[in-house]
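The shown structure was predicted, so the numbers you read here are calculated from the model rather than taken from an experiment.
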Amino acid sequence: METLEHAPLYDTEFVLNGRAITVLWGCCTMFLGILEIVVLLQPTWIVGGEGRGTFGLYEVCEELEWGPECHGPPGPLQALPPFETAAGFMVAALLLVLLSFGCIGLRWFCHSGTIFKLCAWLQLTAAFCQALACLLFPRGWDSSLLRPICGFRLDRYQLGGCSIHWGFILAVLATLDAVVLSVLGFILGKRQDALHPNETKTIKKDISLVLA
């Protein structure tokens, strides 16, 4: 009887294409993780006027007569002093995205709806961290390290002779991508709950017993 009651649900186009949507969601999550790594490490967030150089969170690259010369802190993966806070939030966003991708493998061991929602919360938190990184990044523009590239008019939230480059644009787009993926994760989680209502009720009952 229960199977017959839920038969129309299985006939919907969304359910028939659910597996393809799940695979697409997983691939987009993996692509987001790769994009986060590229954006984090590339010194292409800001470009100087007249091709004087570029800089990002970890390096400053100046255009010299013999070619570009990049320099940064001596430590491995150590951010430039003006951007340490922004880099910290970017690293947190990257780790959360990678963790959400890793949690996809738990679908074969746990309730799928719960896993989708967990991944969605991780991605939403990653989007929040990356948004903070993008907002805090301009606070370091007044550093003396950047004046050879952007000139003396450089100040917080004022680029002087520089302009936004593709690295910063990708960071903003990755933030929006994480939000979209988190929304899709919540939708897929609700879909799984609808397909397996008895399993969802059992999980809620077990949680209530633990809390009691």
Asker: Checking Ile164 against Leu159 for the side chain to side chain contact (heavy atoms under 4.5 Å, CB included) test, could you report, in this order, the C-alpha distance in whole Å, the side-chain angles of both residues, the deciding distance, and whether it holds?
Answerer: CA-CA 8 Å; Ile164 299 294; Leu159 279 173; 3.9 Å; yes
Asker: In sequence, state the C-alpha distance, the side-chain angles, and the governing distance for Val180 and Leu184, and then conclude on side chain to side chain contact (heavy atoms under 4.5 Å, CB included).
Answerer: CA-CA 6 Å; Val180 172; Leu184 182 57; 5.6 Å; no
Asker: Does Thr54 reach the main-chain N or O of Pro43 with its side chain, forming a donor-acceptor pair under 3.5 Å?
Answerer: yes
Asker: Verify, without hydrogens or angle tests, whether Gln130 (side chain) and Ala171 (backbone) share a donor-acceptor contact under 3.5 angstrom.
Answerer: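 Flag set: sc Gln130 to bb Ala171 pair under 3.5 Å.
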Asker: Parallel under 30°, tilted from 30 to 60°, perpendicular over 60°: which one fits the rings of Tyr157 and Trp141?
Answerer: tilted
Asker: Over 60° means perpendicular and under 30° means parallel, so tell me whether Phe83 and Phe137 are parallel, tilted or perpendicular.
Answerer: tilted
Asker: Does CZ in Phe128 sit with more than 12 non-hydrogen atoms of other residues, nucleotides or ligands closer than 6.0 Å?
Answerer: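 At most 12 heavy atoms, drawn from other residues, nucleotides or ligands, come within 6.0 Å of this atom.
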Asker: For the cysteine pair Cys103 and Cys119, state whether the SG atoms are less than 2.5 angstrom apart.
Answerer: no
Asker: Quick check: does any side chain N or O of Arg156 sit under 3.5 Å from a backbone N or O of Arg139, one acting as donor and the other as acceptor?
Answerer: yes
Asker: Taking Gly140's backbone N and O only, do any of them form a donor-acceptor pair with Ser143's side chain (distance below 3.5 Å, no angle check)?
Answerer: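 Judged by distance alone, no pair lies under 3.5 Å.
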Asker: Can any side-chain N or O of Arg52 pair as donor or acceptor with the backbone N or O of Glu63 at less than 3.5 Å?
Answerer: no
Asker: Distance check, rounded to the nearest 0.5 Å: Leu40 atom CG versus Tyr58 atom OH?
Answerer: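 If we round to the nearest 0.5 Å, Leu40:CG and Tyr58:OH are 4.0 Å apart.
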Asker: Could you check whether any side-chain N or O of Trp45 sits under 3.5 Å from a backbone N or O of Val39, counting only pairs where one atom can act as donor and the other as acceptor?
Answerer: yes
Asker: Any chance you could measure Ser163, atom OG, to His165, atom NE2, to the nearest 0.5 Å?
Answerer: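 Those atoms lie 8.0 Å apart.
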